[in-house]
There are 2 protein chains.
Amino acid sequence: MDTENVHCCGSFSERANLDKWIERLQSTGMKLTAPRQAILEYLHNQSHPITNREIYNGISNDCDLASVYRSISLFIKIGFVQQFDFGDGIARFELVEPGSHSHHHHIICNVCSKVIELDHCFPDSLSETIAKHTGFTQITHKLEFFGLCSNCK
Amino acid sequence: MDTENVHCCGSFSERANLDKWIERLQSTGMKLTAPRQAILEYLHNQSHPITNREIYNGISNDCDLASVYRSISLFIKIGFVQQFDFGDGIARFELVEPGSHSHHHHIICNVCSKVIELDHCFPDSLSETIAKHTGFTQITHKLEFFGLCSNCK
DNA sequence: TTTTAATTGCGAATGCTTTGTAATATGCAT
DNA sequence: ATGCATATTACAAAGCATTCGCAATTAAAA
């Protein structure tokens, strides 16, 4: 069993981890509101990137959808959340554990949308290595670079 | 001067290349319509991936925007066009030269959106190599994998 | 030329995301 | 504790890329 994806609701360590996020939020000077707490808690319980609507559904009537969008934008701006693009036009988000090796990728099934986190970055020995690690086949990937060009730096 | 990006309107070779695309379209059994010719011609004159709206504006009143979307979808389905995602929620498209090394990537300036084609795939020796080749700095990249998981294959 | 089916134009609708605004709640100072 | 100033929210509406339905048109074959 893959214990990485187990999240026991209410366990001491999980609660402590969530409290750290709340402390971090307060230390930024931003207000600690009920929607932001609910969103942080929900994000914290996920093991894969999730959409704004999934967050909204997950915390149901605790908060408006527009507030989810605004909170997530804030979390991205202060470095709490990382955005992923799975190519379907819906943004997905994940908490960034501070100090951890946050740079990672995913492989998504074209049929069932199953997501597997790739612990390491395999940019070179691409298809074969990933196929062996995950059991996926017909592997493709999207790769784009961003930066500052010589005129703009 | 980088002659790869020079496109002389009406030159013999350019016209011959465009005619090849038209012949290829006819050979698929699809109808050769005015909008499809205009879109192929416009795509053919570009050196970077372009959006549906850019195509629509480029051929102005020759064709409806919805028809651009439909034609591009067709071109993707028959392998004429490749789609790129620069992370801004707008799909971009490029003609795929048959038999060529079509797999490539781009680097996009975060400030001015300048696009540079990367002739080769540098998935491993990432930032330094690209920085040397392009003069870009603060390089980041987005990479996601797609495929069929073991349950779906 | 006639026929037939693919394709277009037009308008409306969809779905994700953003924005305007009045009401509300937070954090701070008193 | 209480009141204040301001950030934040809920709600509604708008924005934008994209898709769809359908009648009118057009390309390709007979």
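Sequence lines set the chain letters: A, B, ... in the order given, protein chains first and strands last, and positions in each chain run from 1.
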### Task
Could I get the full list of side-chain contact (heavy atoms from CB on, under 4.5 Å) partners for Asp62(B), not counting sequence neighbours?
Ala38(B), Ile59(B)
### Partners meeting side-chain contact (heavy atoms from CB on, under 4.5 Å) with Glu94(A) (sequence neighbours left out)
Pro49(A), Phe84(A), His104(A), His106(A), Glu117(A)
Could you run down the sub-3.5 Å N/O contacts of the protein with nucleotides 10-15 of chain C?
unit_1, atom_1, unit_2, atom_2, d
dC10(C), N4, Arg70(B), NH2, 3.4

### Query
Starting at the 5' end of DNA chain D, which residue's closest nucleotide do you reach first, Gly29(A) or Gly89(B)?
Gly29(A)
### Task
Could you tell me whether the side chain of Arg36(A) and the main chain of Lys31(A) form a donor-acceptor pair under 3.5 Å?
yes
### Query
When you measure from the side chain of Gln26(A) to the backbone N and O of Glu23(A), does any donor-acceptor pair fall under 3.5 Å?
no
For the pair made of [atom1] in [X] and [atom2] in [N], what is the distance, rounded to whole Å?
| X | N | atom1 | atom2 | result |
| --- | --- | --- | --- | --- |
| Leu65(B) | dC20(D) | CG | C1' | 14 Å |
| Asp62(A) | dA10(D) | CG | C1' | 13 Å |
| Gln83(A) | dC16(C) | CD | P | 15 Å |
| Gln37(A) | dT26(C) | CD | C1' | 12 Å |
| Phe93(B) | dA17(D) | CZ | C1' | 10 Å |

Any side-chain N or O of [X] below 4.0 angstrom from OP1/OP2 of [N]?
| X | N | value |
| --- | --- | --- |
| Arg36(A) | dA7(D) | no |
| Arg53(B) | dT18(D) | no |
| Tyr69(A) | dT18(C) | no |

### Message
At 4.0 Å (heavy atoms only), tell me whether Asp88(A) reaches a base, stays on the sugar-phosphate, or touches nothing.
### Response
nothing
### Task
Spell out, yes or no, whether Val96(B) and Met30(B) are grouped together once hydrophobic residues are joined by side-chain heavy atoms under 4.5 Å, including indirect joins.
no
List the atom pairs, donor and acceptor, that lie under 3.5 Å between side-chain atoms in residues 64-73 of chain B and the rest of the protein, sequence neighbours left out.
unit_1, atom_1, unit_2, atom_2, d
Asp64(B), OD2, Ala66(B), N, 2.9
Ser71(B), OG, Ser67(B), O, 2.9
Ser73(B), OG, Tyr69(B), O, 3.1

### Message
So if I take the C1' atoms of five pairs at each end of the helix from dT1(C)-dA30(D) to dT30(C)-dA1(D) and get each local axis, what angle do the two axes make, rounded to 10 degrees?
### Response
20°
Show the distances under 3.5 angstrom between N or O atoms of the protein and N or O atoms of nucleotides 28-30 of chain D.
unit_1, atom_1, unit_2, atom_2, d
dA28(D), OP1, Leu32(B), N, 2.9

### Query
Heavy-atom distance under 4.5 Å between the side chains of Ile76(B) and Phe93(B), does that happen here?
yes
### Message
Among dG9(C), dT9(D), dT17(C), which nucleotide has an atom closest to any side-chain atom of Ser71(A)?
### Response
dT9(D)
